[in-house]
Protein chains: 2
Amino acid sequence: MTESKRLHNDAADLKSLALALGLSQSTISRALRAHPGIPEATRRRVVAAADAAGYRPNARARSLATGRTETIGLVFPLQRLQLPETNFVDVLAGISTAVTARNYNLLLSPFEDDEAGVLRKLASSKSVDGVIITRPLVRDPRIALLNALRLPFVVHGRTEAQEPFSFVDTDNDNAFERLTNLLLDYGHRHIVVINGLAQFRYVAARAAAFERAFAARGLAAPLDAIEFVSMTEATGYETAMRRLADPEPPTAFLCGSVFQARGVYRALAQHGLAVGRDISVACHDDGVRGCSAMDLSPPLTATATSIRGAGEEIALILIDLIERKATAPVQKILPFELVLRNSVGLAKPSA
Amino acid sequence: MTESKRLHNDAADLKSLALALGLSQSTISRALRAHPGIPEATRRRVVAAADAAGYRPNARARSLATGRTETIGLVFPLQRLQLPETNFVDVLAGISTAVTARNYNLLLSPFEDDEAGVLRKLASSKSVDGVIITRPLVRDPRIALLNALRLPFVVHGRTEAQEPFSFVDTDNDNAFERLTNLLLDYGHRHIVVINGLAQFRYVAARAAAFERAFAARGLAAPLDAIEFVSMTEATGYETAMRRLADPEPPTAFLCGSVFQARGVYRALAQHGLAVGRDISVACHDDGVRGCSAMDLSPPLTATATSIRGAGEEIALILIDLIERKATAPVQKILPFELVLRNSVGLAKPSA
DNA sequence: CTGAAAGCGCTAACAT
DNA sequence: ATGTTAGCGCTTTCAG
């Protein structure tokens, strides 16, 4: 009977529990949330009855009363789920882990073009306690919007904003400086950087880091060193093929992602060039599932970070912000590790 | 002022609108939802005021009143987001597309081990109007549970259940029969099937289809023809290596997924066997992003379906069920297309 | 320690 | 055509 009642989902609400136990709704409510001032005995009695009835608070009613939903939103372009080469799923995996651990819900909010509209809607319909946004532009209008909406948020990545905001980002700047220095140490001067699309902040940061490394040695980075292209195997391949046809081809490639590096490897193979001996390749590796720098042959020297870990951090910080465990904006830059493998060798003397 | 009010999210609720317009809350509410009986003139006036104020109904309050959330849940093992080789993301992409089109929300509900608990919670906390579950077992207890909970649901995949339920599935049975027939037509008799794990219905169905194809010609499928292993490149490789070491190795491999087929290709390359000439390979291709039968070399003969399309269908059906546009359970089996490429050739006469 | 009552913001009968 | 009223199921003062 109890079982069938639970399964049939029949109004296991506070009112019926109160009736059955001869207590008031508020006592039940307090007992269930272990409020101070409820004697252990009644608390136990109430919890037992609630369990037996399969009671769970109605999330909507509770959140109407409390003003919180215990749900965070992830706002992203629908397209990011459709591309074969994306690190989005890894971020999502991290977020899911954190959300599960903290007992929050995750609302997926894909958009086709009107992201601001989605954000406004999430804020005013009060469906979430906070949101995660990704891939910030160099100057990103979403920051101001979200601050104005007073909706807690965390950005995956940094941006140049006047106002304060929380973010988690990989240490792209230093990673690229480190990679550039490595190549410089090996005697490379004619390096081609296969970077991402210029509108993103991290891409600009990487470009700057590259030039900084040269400047620090009193060198000037070669003109046209940096290619601003998308992060796919295909573009990596095409770009490498194009630059290998230069009158004076580079002695090293520095890639923004393992996807691009794969394409570069393919181009080099096609030119009969041995990676590490004839030409060097290094890249940044976000730890995307199934696309590791380690698995290329030869294994690829890379700065390694965990994009999934980043996703986890992002969600944890957002939840802290929501619960006011964090009060000021949290800005976290995740470390990387330089992993030396066999894809980098001494620069051959140029012809 | 209006703008700042909107941005600051200040109580743009029905009450304040009613006050400002000198109308009652219910009139505003009706006008906004274009109820019959509201004159066009007032409707326009109300809508204009609401727009100006940036009003959106509070989703929680609305759903508490209506009993619906316009949200569907996707319940899945957290792990499925972590594996490199998974078709889950493609299903998710399809679901996201449908949900966006129908103006629903998508609640992601990963679980670590207690799926039934998550389902119970979603049902009794009333956070979603319905759920999608995936990867049914041969006999799956979730069906009975969800029916008892009276929570609308759609399964991705079929199962043997007494009671009615809605599902969307690929036509695995006929796809595998077709593939088997193709190999038989080419004279293959000693075929090894690299199937999935036996607990899943579709795996059992594929095994049955394979044997049916043999039986239809008065042949008996070879003993030990079917390998029940996981769907990864690594297992494809290992299984192929093992079977190639048989005293009498197979003349063809039939794989359950492109992932496995990739592994098989690698094993064959290692044995110096030319696919299509020395040995044949065919597989089923779900249209997973970045893992297409078309992109292997030689391109792989396969039965092709769109797993993303399946995701889309699933969500659309669930929403129809919720909105009672569909009343009886909907059971949809998606077609496949046999795509002939160059990985299948005539069987070599056995030694 | 416990209960009564108000209220979260909306919808939907039920008036008028 | 519009307003009044009563919930939806919970939390939270405020009394006792």
Side-chain angles (χ1 to χ4, degrees), chain A residues 9-47 49-50 53-71 121-129 323, chain B residues 9-47 49-50 53-71 121-129 323:
Chain A
N9 211 11
D10 290 349
D13 56 9
L14 283 188
K15 199 196 293 187
S16 61
L17 283 178
L19 214 65
L21 292 175
L23 290 168
S24 75
Q25 275 196 38
S26 25
T27 304
I28 309 282
S29 172
R30 289 182 192 119
L32 255 21
R33 284 171 300 142
H35 255 222
I38 301 283
E40 183 58 17
T42 44
R43 201 195 61 87
R44 287 246 274 271
R45 205 161 61 93
V46 170
V47 168
Y55 171 79
R56 308 270 184 160
N58 179 315
R60 293 146 7 177
R62 179 201 284 254
S63 78
L64 186 57
T66 60
R68 293 179 307 97
T69 60
E70 298 188 335
T71 300
K121 180 169 173 207
L122 286 175
S124 48
S125 72
K126 304 240 181 331
S127 332
V128 297
D129 294 337
E323 297 181 344
Chain B
N9 212 12
D10 289 349
D13 57 8
L14 281 188
K15 198 196 291 187
S16 61
L17 282 178
L19 215 65
L21 292 175
L23 290 169
S24 75
Q25 275 197 39
S26 28
T27 303
I28 310 282
S29 173
R30 289 181 193 121
L32 256 21
R33 285 170 301 142
H35 256 223
I38 300 284
E40 183 56 19
T42 44
R43 200 193 61 88
R44 287 244 275 270
R45 205 161 62 93
V46 170
V47 168
Y55 171 80
R56 308 267 187 163
N58 179 314
R60 292 141 14 171
R62 181 202 282 256
S63 79
L64 186 58
T66 60
R68 292 178 307 99
T69 60
E70 299 188 334
T71 299
K121 180 169 175 209
L122 285 175
S124 48
S125 72
K126 304 236 180 335
S127 331
V128 296
D129 295 336
E323 297 181 344

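Protein chains get the first letters and strands the later ones, always in sequence-line order, with residue 1 at the start of each.
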Report task. Please report, rounded to the nearest Å, how far the C1' atom of C:dG9 is from the CG atom of B:L32. Result -> 13 Å

Report task. Establish, with yes or no, whether the OP1 or OP2 oxygen of C:dC8 is under 4.0 angstrom from a side-chain nitrogen or oxygen of B:R60. Result -> no

Report task. Take the protein atom CD of B:E40 and the nucleotide atom C1' of D:dA1, then report the distance between them rounded to whole Å. Result -> 14 Å

Report summary line: Heavy-atom closest pair (B:R43 atom, B:A31 atom, distance to 0.1 Å) is CG-O, 3.4 Å

Requested in this report: Round to the nearest Å and state the distance from A:H35 atom NE2 to D:dC10 atom P.
Outcome: 15 Å

Report summary line: Per nearest nucleotide of DNA chain D, the residue lying toward the 5' end, B:T66 or B:Q25, is B:Q25

Report summary line: Shortest non-hydrogen pair, B:R60 vs A:R68, comes out as NH1-C, 4.1 Å

Query raised in the report: From the list C:dT11, D:dT11, D:dC10, which nucleotide is the closest neighbour of the side chain of A:S29?
Result: D:dT11

Query - N/O donor-acceptor pair, side chain A:S26 with base C:dA4, under 3.5 angstrom - result: yes

Query raised in the report: Nearest of D:dC8, D:dT2, D:dC10 to any side-chain atom of B:A65?
Result: D:dC8

Query - Enclosure of A:R33 CZ (heavy-atom neighbours >12, cutoff 6.0 Å) - result: yes

Query raised in the report: Nearest heavy-atom pair of A:L17 and A:Y55: which atoms, and what distance?
Result: CD1-CG, 3.8 Å

Requested in this report: Using whole Å, report how far CG of B:L23 lies from P of C:dT16.
Outcome: 20 Å

Query raised in the report: Nearest 0.5 Å, what's the CZ-OG1 distance between A:R45 and A:T27?
Result: 10.0 Å

Query raised in the report: In Å and rounded to the nearest 0.5 Å, what is the CG to CG distance from A:L14 to A:N58?
Result: 10.0 Å

**Report entry** Nearest-Å distance for atom pair NZ/P, residues B:K15 and D:dT4
**Finding:** 14 Å

Report summary line: Of D:dC10, D:dT12, C:dC8, the nucleotide closest to the side chain of A:L64 is C:dC8

Requested in this report: Write down the distance between NZ (A:K126) and P (C:dC8), rounded to a whole number of angstrom.
Outcome: 13 Å

Report task. Report yes if at least one side-chain N or O of A:R56 is closer than 4.0 Å to OP1 or OP2 of D:dG9; otherwise report no. Result -> no

Requested in this report: Please report, rounded to the nearest Å, how far the C1' atom of C:dG9 is from the CD1 atom of B:I28.
Outcome: 14 Å

Query - d(CG, A:L14; C1', C:dT2) in whole Å - result: 15 Å

Report task. Compare side-chain N and O positions of B:T27 against OP1 and OP2 of D:dT2 and report whether any pair is under 4.0 Å apart. Result -> no

Report task. Starting from the 5' end of DNA chain D, give me the residue, B:P36 or B:A61, whose nearest nucleotide shows up first. Result -> B:P36

Query raised in the report: In terms of side-chain heavy atoms of B:R30, which of C:dC10, D:dT2, D:dG9 is nearest?
Result: D:dT2

Report task. Hey, which sits more toward the 5' end of DNA chain C by its nearest nucleotide, B:N58 or A:I38? Result -> A:I38

Requested in this report: Taking only the side-chain nitrogens and oxygens of A:T42, find out if one of them lies under 4.0 Å from OP1 or OP2 of C:dC1.
Outcome: no

Query raised in the report: Reckon B:R62 has a side-chain N or O less than 4.0 Å from the OP1 or OP2 of D:dC8?
Result: no

